[in-house]
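When a ligand or atom number is given, it counts from 1 through the structure's own listing order.
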Amino acid sequence: MHTITVKFGGTSLASASQIRKAAEIIRSDPARRFVVASAPGKRTKDDIKVTDLLYRCYNEATDGNDFSATLEKIRGRFQDIITELEVDFDLDSEIEKLREHLKTAPNADYMASRGEYLNSKIIAAFLGFPFVDAAEVVRFRADGKLDEAYTFRTLSARLIAMDQAVIPGFYGALPDGTVKTFSRGGSDVTGAIVARASVSEIYENWTDVSGMLSADPRIVDSPRVIDYITYTELRELSYMGASVLHEDAVFPVRKAGIPINIRNTNRPDDPGTMIVASLPASVGRRVITGIAGKKGFSSIHIEKSMMNSEVGFVAKLLKIFASCGLSFEHCPSGIDTISVVINTDSFNAHREEILHRIRTDLEPDVVSVEDNLALIAVVGQGMVYSKGTAARVFSALYEADVNIRMIDQGSSELNIIVSVEERDFEHALRSIYAAMEGLMK
Ligand code: ASP
């Protein structure tokens, strides 16, 4: 039997009309057997996600405030869905359970998880699919990490006996049965776990965009949709701020070689983005996959004559950062100079200590810090086989009159990273995009 796991995000299930669209997608292909659902998200830009209302309710209860208005809002969101979908569902008793929970020993994760729980039960009733409670099949260890062995064993055994199921995203349970959630956006992770446990051919992640974009649309006008991207390229772009999936969602399916397809519930005919282990031959000649960037970096610059012959200098330098629990982004070096590029917020927490230790432990000739830097990554596996990519990036920046502060290319030749001043960031990104767009086809 063909199997596809479909996960629908909050905007795809925010109202009865959105749920109808999702149901149509599910019913249009019998292979779409396992459905992972988020809590109802925003119906409009100014709306509030049900998950946020649940956290608010929890905070009101623990602060000793009246939570009844917020609980009523939550009830209203679900009531509208139930009424419009005309499903038979005893919402009042579920809301009473929540009220009791809030009055006795409220638990933030339990409260937050009820958005997914209730929405999935309603959707299961509407589709006529059985409901599987994630608390019974997704297990966390006592240290809070996913218990992979238990989860995959239990979930596989459960799903193998079923033709179809709706499973709530975002939560599971600790060994003692207490509900625990993933971090925000965690239904993506549940989707990946279900796809792997059910040995799905594909993990479809339905959202409100037609795939991953090759640049941030707030900066670049109508960037191209990426048709195929490898897991590795995705990681590079996500790390630099391009967000499309929860970062922990890749690894369960990647291990099993299951591709992820990002699709748009509001435009189901759009093919979306395929996230795969290796690119198909049809896109094999593409040089650049996407461009992403972030502000908020600092560079600590160190100079010392004869640094190159001082054995262990770099090790001592990096140990200072490690002992403060800090990881750095880049560490470009010259013969007698070296810089450490690091996220400014993390650096600031230990700034004086680090600078003091660099001065005393390493006795450099010069130490200086430059703040307000941005990093831009140009990512594409095709770079390895093509000439002139770096030249294009640098001449685009030259023509845009942007000063490059640092250049780095990972040894995998998967990306070129440049650092520019924050005030040049948007302009630099747009200029690079314009110069590289032709290489994205
Ligand atoms: N509802 C949760 C959140 O808002 C989880 C999810 O949608 O993935 O973060």
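Using a 4.0 angstrom heavy-atom cutoff, Gly186 counts as in contact with ligand 1. Heavy-atom separations between Gly10 and ligand 1 are all 4.0 Å or longer.
To the nearest 0.5 angstrom, Lys97 atom NZ is 5.0 Å from Tyr117 atom OH.
For the pair Lys294 and Tyr239, the cation-pi test (distance below 6.0 Å, angle within 45°) is passed. No cation-pi contact links Lys295 to Phe425, judged by a cut-off of 6.0 Å to the six-membered ring centre and 45° from its axis.
Ranking the protein heavy atoms by distance from atom 3 (C) of ligand 1 puts Arg184 NE, 3.4 Å first.
Side-chain contact between Asn266 and Lys21 is present, with at least one heavy-atom pair separated by less than 4.5 Å.
Between the side chains of Arg153 and Ser156, no donor-acceptor pair is found at a separation under 3.5 Å.
Atom 8 (O) of ligand 1 has its nearest heavy-atom neighbour, among Gly191, Ser187, Gly41, in Ser187.
Considering backbone and side-chain N/O of Ala39, none are found under 3.5 Å from N/O of ligand 1.
Against a heavy-atom cut-off of under 4.0 Å, Ser38 is close to the following atoms of ligand 1: 6 (C), 7 (O), 8 (O). For ligand 1, the atoms sitting less than 4.0 Å from at least one non-hydrogen atom of Glu116 are 1 (N), 2 (C), 5 (C), 6 (C), 7 (O), numbered in the order shown with element in parentheses.
In this structure, Arg27 places its CZ atom where more than 12 heavy-atom neighbours from other residues, nucleotides or ligands lie under 6.0 Å away.
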